K.L.:
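Before I ask anything, here is the structure I am working with.
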2 protein chains.
Amino acid sequence: MTTNQKFNFRNYVKNTSLTVGVNPVIFSVSEDKLKVLLATFDPRLKKSLPGGAILKNENADDAANRVLQETTGLESIFLKQFHVFSEPDRFSYATVYNELHEESYKPPEDIDIPDRVFTIGYFALVNFDTVHPTGGIINVMSEWVDIDTIPELMYDHNLIIDEALSSLRKELFFEPIGYNLLPEKFTMPELQRIYEIILDKPLTRSNFQRKMLNWGIYERLGERKEGVSHKRPFLYRFDKERYDKAIKTGINFCL
Amino acid sequence: MTTNQKFNFRNYVKNTSLTVGVNPVIFSVSEDKLKVLLATFDPRLKKSLPGGAILKNENADDAANRVLQETTGLESIFLKQFHVFSEPDRFSYATVYNELHEESYKPPEDIDIPDRVFTIGYFALVNFDTVHPTGGIINVMSEWVDIDTIPELMYDHNLIIDEALSSLRKELFFEPIGYNLLPEKFTMPELQRIYEIILDKPLTRSNFQRKMLNWGIYERLGERKEGVSHKRPFLYRFDKERYDKAIKTGINFCL
């Protein structure tokens, strides 16, 4: 049996009526709560994650960064691809039109709307105070919602958030990423609180701080945090150079 | 500004001439070497990873499992999605035709060949002795190649293998997956050797065994391994039930 007898181009076009998009799950911490940025496409519809299609000449990361920039105003955010959502029936452009029966939501006749849409899930970590949520290109608005009070969302977006949170928690156990949720300068108690909020459980202060400091990737600054307590804890900042060195030595950052 | 004014269906069709495939990087260990299963689409072309398009009514995992089953004959292999490769210029169906100028490789006129193909990278771990490599549907053959002697492959498949190996090494640091490369019954020295081959560095025997046994997920069998040394080490097997229990207790499997 020769290759060309076995190979069938038609296998490759069966699913070409396909678009691939990205949906970043943007996490932040405020008022001691883990929050997710939710978008509103139309006030009459369920909320959704921010997202968009991967456009010509973009790769998946380009698209995710563009959507993040559109919705948060921020560039170079911590962003990690975690899973592709590809169920055959996960998404349908008809949904929106059928729910609203509005011509403006009906695809123009000359456009062949894909019958399948995959989405690549990302999670992003941002410092709450630096974000000024907007609707981006597609949505009218976006807003922060507590992880505990996420409503029923469009399509499979509740599932995407659940998987994003699992991935974030797993990643936090072996990568020092928590500082991305804090201002540039932070105290060890502030960093520990971030871990406790994400993992939803208390951690032993002494163990936590010993680990963080043993990694040698946080630079202790001369300054101390003022006015939080009589203790005036030291301020630290993440040191990328030391981190890269530590990686080379094969250190593992297991919590 | 209202939603429908901002929303543009054309953003969603710019890239609908798109196919998404899967490329499993199938790892195994034999003769003390980490090996990868490489496929041959046509003996006159560079080798490649096994792969295929995600077909109608399949999700990504279905397609990956189908390709694995086609190329290895095995079902229910350890399989993990690790990254989507989406560079705009990563793949072109024209490549094959242009290199061979053979009508059999020219897409039929009536087929609109996608101008972009994304692929979802998976890594799989299999016990060498259970695999009988075949070409599957698309390729004429597949064969095991040492990770150190991988030739230049088609498209970006060398990059996909590099990323698969990094993901496998990272995963090995926090998930007990190494046993998937061994027969059902194995000794602790055999398991340690798997870790050493993948991580490409020696591990301390006492530390390694203490960790593995502390996790409590390997059942020690009554039998001992015969004829390997005068020591006759105990045989173990992975215990899924104990593993699931351990997960619930929030144990972390950091190496």
Side-chain angles (χ1 to χ4, degrees), chain A residues 1-21 40-43 52-61 81 83-88 90 93 102 104-105 107-108 111-114 116-118 120 135 137-140 170 173-174 201 250 252 254-255, chain B residues 1-21 40-43 52-61 81 83-88 90 93 102 104-105 107-108 111-114 116-118 120 135 137-140 170 173-174 201 250 252 254-255:
Chain A
M1 187 154 58
T2 72
T3 306
N4 45 311
Q5 281 168 335
K6 296 172 71 184
F7 184 64
N8 177 5
F9 276 102
R10 285 178 169 72
N11 284 345
Y12 284 96
V13 292
K14 283 210 187 104
N15 66 344
T16 50
S17 178
L18 171 66
T19 286
V20 179
T40 299
F41 174 66
D42 183 296
I54 298 170
L55 304 181
K56 261 203 165 64
N57 310 320
E58 278 187 332
N59 64 27
D61 289 358
Q81 189 192 103
H83 190 70
V84 182
F85 296 83
S86 58
E87 291 303 320
R90 65 167 294 275
Y93 286 114
E102 236 187 48
S104 56
Y105 290 125
I111 292 184
D112 162 37
I113 291 297
R116 279 183 85 172
V117 176
F118 294 175
I120 304 175
I137 302 300
I138 293 176
N139 298 293
V140 282
K170 197 171 175 188
F173 265 110
F174 58 90
K201 68 178 186 187
N252 84 54
C254 281
L255 199 62
Chain B
M1 187 153 62
T2 73
T3 307
N4 44 313
Q5 279 168 338
K6 296 172 69 185
F7 184 64
N8 176 5
F9 275 102
R10 285 179 168 74
N11 285 345
Y12 283 97
V13 292
K14 283 207 184 112
N15 67 343
T16 51
S17 178
L18 170 67
T19 286
V20 179
T40 299
F41 174 66
D42 183 298
I54 299 171
L55 304 181
K56 259 199 166 65
N57 311 322
E58 279 187 333
N59 63 27
D61 289 359
Q81 190 193 101
H83 190 68
V84 183
F85 296 84
S86 57
E87 291 304 319
R90 64 168 294 275
Y93 286 115
E102 241 190 42
S104 55
Y105 290 126
I111 292 184
D112 161 36
I113 290 298
R116 280 183 85 173
V117 177
F118 294 176
I120 304 175
I137 301 301
I138 293 176
N139 299 294
V140 282
K170 197 172 174 187
F173 266 110
F174 59 90
K201 68 178 187 187
N252 84 56
C254 280
L255 200 63

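Since the structure is predicted, the reported quantities are computational estimates derived from the model, not experimental observations.
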K.L.:
For the residue pair A:Arg90 and A:Phe85, what are the closest heavy atoms and their distance?
P.N.:
CD-O, 3.3 Å
K.L.:
Count the heavy-atom pairs under 4.5 Å between each of B:Asp61, B:Val84, B:Leu255, B:Val117 and chain A, then report the option with the highest count.
P.N.:
B:Val84
K.L.:
What pairs with A:Asn57 under side-chain hydrogen bond (donor to acceptor under 3.5 Å, both in side chains), at least two apart in sequence or on another chain?
P.N.:
none
K.L.:
Please classify the contact between A:Phe173 and chain B as side chain, backbone, both or neither, with a heavy-atom cut-off of under 4.5 Å.
P.N.:
both
K.L.:
Working note: A:Ile54 + B:Arg116, criterion side chain to side chain contact (heavy atoms under 4.5 Å, CB included); need CA distance, chi angles, decisive distance, verdict.
P.N.:
CA-CA 11 Å; A:Ile54 298 170; B:Arg116 280 183 85 173; 4.2 Å; yes
K.L.:
I'd like to know which of B:Glu58, B:Glu87, B:Gln81 tops the heavy-atom pair count under 4.5 Å against chain A.
P.N.:
B:Gln81
K.L.:
What are the two closest non-hydrogen atoms of A:Ser86 and B:Ala60, and how far apart are they?
P.N.:
OG-N, 2.8 Å
